[in-house]
Amino acid sequence: MSEQTLKIEARRSSIHGLGVYVVERIRAGETIVEIVGERISSEESDRRFDEKQTEAGHTFMFYVDEDTVIDCGTNGNVSRFINHSCEPNCEAVDDEGRIFLEALRDIEVGEELVFDYRLTWDSGDDPEDLKVYLCRCGARSCRGTMLDVVPLSEAS
Ligand SMILES: [Zn+2]
């Protein structure tokens, strides 16, 4: 998928910093963009995360499986600016290890593209550290956090 075919662009968002907006109508089920970036191990992702915690910028690490994380901040594309919402209009789909965002419904021009980050966490994580993932997306179904419902250690 080339950048030219993208129907989205990054702009200032009402949710957080930059967001990604639809510039050409997207239909339900359509593949919108691939989530790309440097593929690193989960250990490396932890290391980079701690390093970047001290900076103001928001980091976007996409968890593929227990061994692989995509660091969208390195060699990433516009997908790294997509904000979280508990009421998403697209979802991440794993196609043999490559991650694509697919529309859950028709999305009109001007709408902000959002997906449910479902960030992985562990029951051993410090609750204070997890507070940075509080969600204020404003959706009626907002669960108050960008974290996945179940900790990694309990996920199958
Ligand atoms: Zn929310």
Step-by-step side-chain contact (heavy atoms from CB on, under 4.5 Å) determination, Ile32 to Ile107: CA-CA 11 Å; Ile32 304 165; Ile107 311 172; 4.3 Å; yes
Stepwise side-chain contact (heavy atoms from CB on, under 4.5 Å) check, Tyr63 with Ser42: CA-CA 8 Å; Tyr63 177 93; Ser42 44; 5.6 Å; no
Arg105 vs Asn89, side-chain contact (heavy atoms from CB on, under 4.5 Å): CA-CA, chis, key distance, verdict: CA-CA 6 Å; Arg105 57 169 173 78; Asn89 50 21; 3.6 Å; yes
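Residue pairs meeting the salt bridge (Lys or Arg N to Asp or Glu O under 4.0 Å) criterion with at least one partner in residues 18-28, sequence neighbours excluded, are Arg25-Asp106, Arg25-Glu108.
Val36 is not listed as a side-chain neighbour of Ile70, based on a closest heavy-atom distance of 4.5 Å or more. Side-chain contact check for Val23 versus Arg11: some heavy-atom pair is nearer than 4.5 Å. Between Val69 and Arg48 there is no side-chain heavy-atom pair separated by less than 4.5 Å. Residues Val20 and Ile82 have side chains in contact (heavy-atom distance under 4.5 Å, counting atoms from C-beta outward).
For the residue pair Ser13 and Gly19, the shortest heavy atom distance occurs at CB-N, 3.4 Å. Across Phe81 and Ala10, no two heavy atoms sit closer than the pair CD1-CB, 3.8 Å. Closest of all the heavy-atom pairs between Trp121 and Leu147 is CD1-CB, 3.8 Å.
For the pair Asp125 (side chain) and Asp122 (backbone), a donor-acceptor distance under 3.5 Å is present. A side-chain donor-acceptor contact under 3.5 Å links Asp65 to the backbone of Thr68. The main-chain N or O of Gly76 is never found under 3.5 Å from a side-chain atom of Asp71 such that the two would form a donor-acceptor pair.
The same ILVMFWY cluster, assembled from side-chain heavy atoms under 4.5 Å apart, contains both Phe115 and Val78. Both Ile35 and Val64 are assigned to one and the same hydrophobic cluster, defined by single-linkage of ILVMFWY side chains at heavy-atom distances under 4.5 Å. Leu113 and Leu6 fall within the same hydrophobic cluster, where Ile, Leu, Val, Met, Phe, Trp and Tyr residues are linked whenever their side-chain heavy atoms come under 4.5 Å apart, directly or through other members. With hydrophobic clusters built from ILVMFWY side chains whose heavy atoms lie under 4.5 angstrom apart, Val132 shares a cluster with Leu18.
Summarising the local packing, CD of Glu66 is surrounded by 12 or fewer heavy atoms from other residues, nucleotides or ligands at distances under 6.0 Å.
We find the NE2-SG distance between His84 and Cys142 to be 6.5 Å, quoted to the nearest 0.5 Å. Rounded to the nearest 0.5 angstrom, Leu101 CG and Thr31 OG1 are separated by 9.0 Å. With rounding to the nearest 0.5 Å, the separation of SG in Cys86 from CG in Asp116 is 6.0 Å. Here the CZ-CZ distance, from Arg39 to Phe62, works out to 9.5 Å after rounding to the nearest 0.5 Å. Atom CD1 of residue Ile40 and atom CE of residue Met61 lie 4.5 Å apart, to the nearest 0.5 angstrom. Interatomic distance, CD1 of Ile8 versus CG of Asn77, reported as 7.5 Å (0.5 Å rounding).
A salt bridge links Arg98 to Glu34: one of the charged nitrogens lies within less than 4.0 Å of a carboxylate oxygen.
Aromatic ring orientation, Phe60 versus Tyr117: parallel (interplanar angle below 30°, classes split at 30° and 60°).
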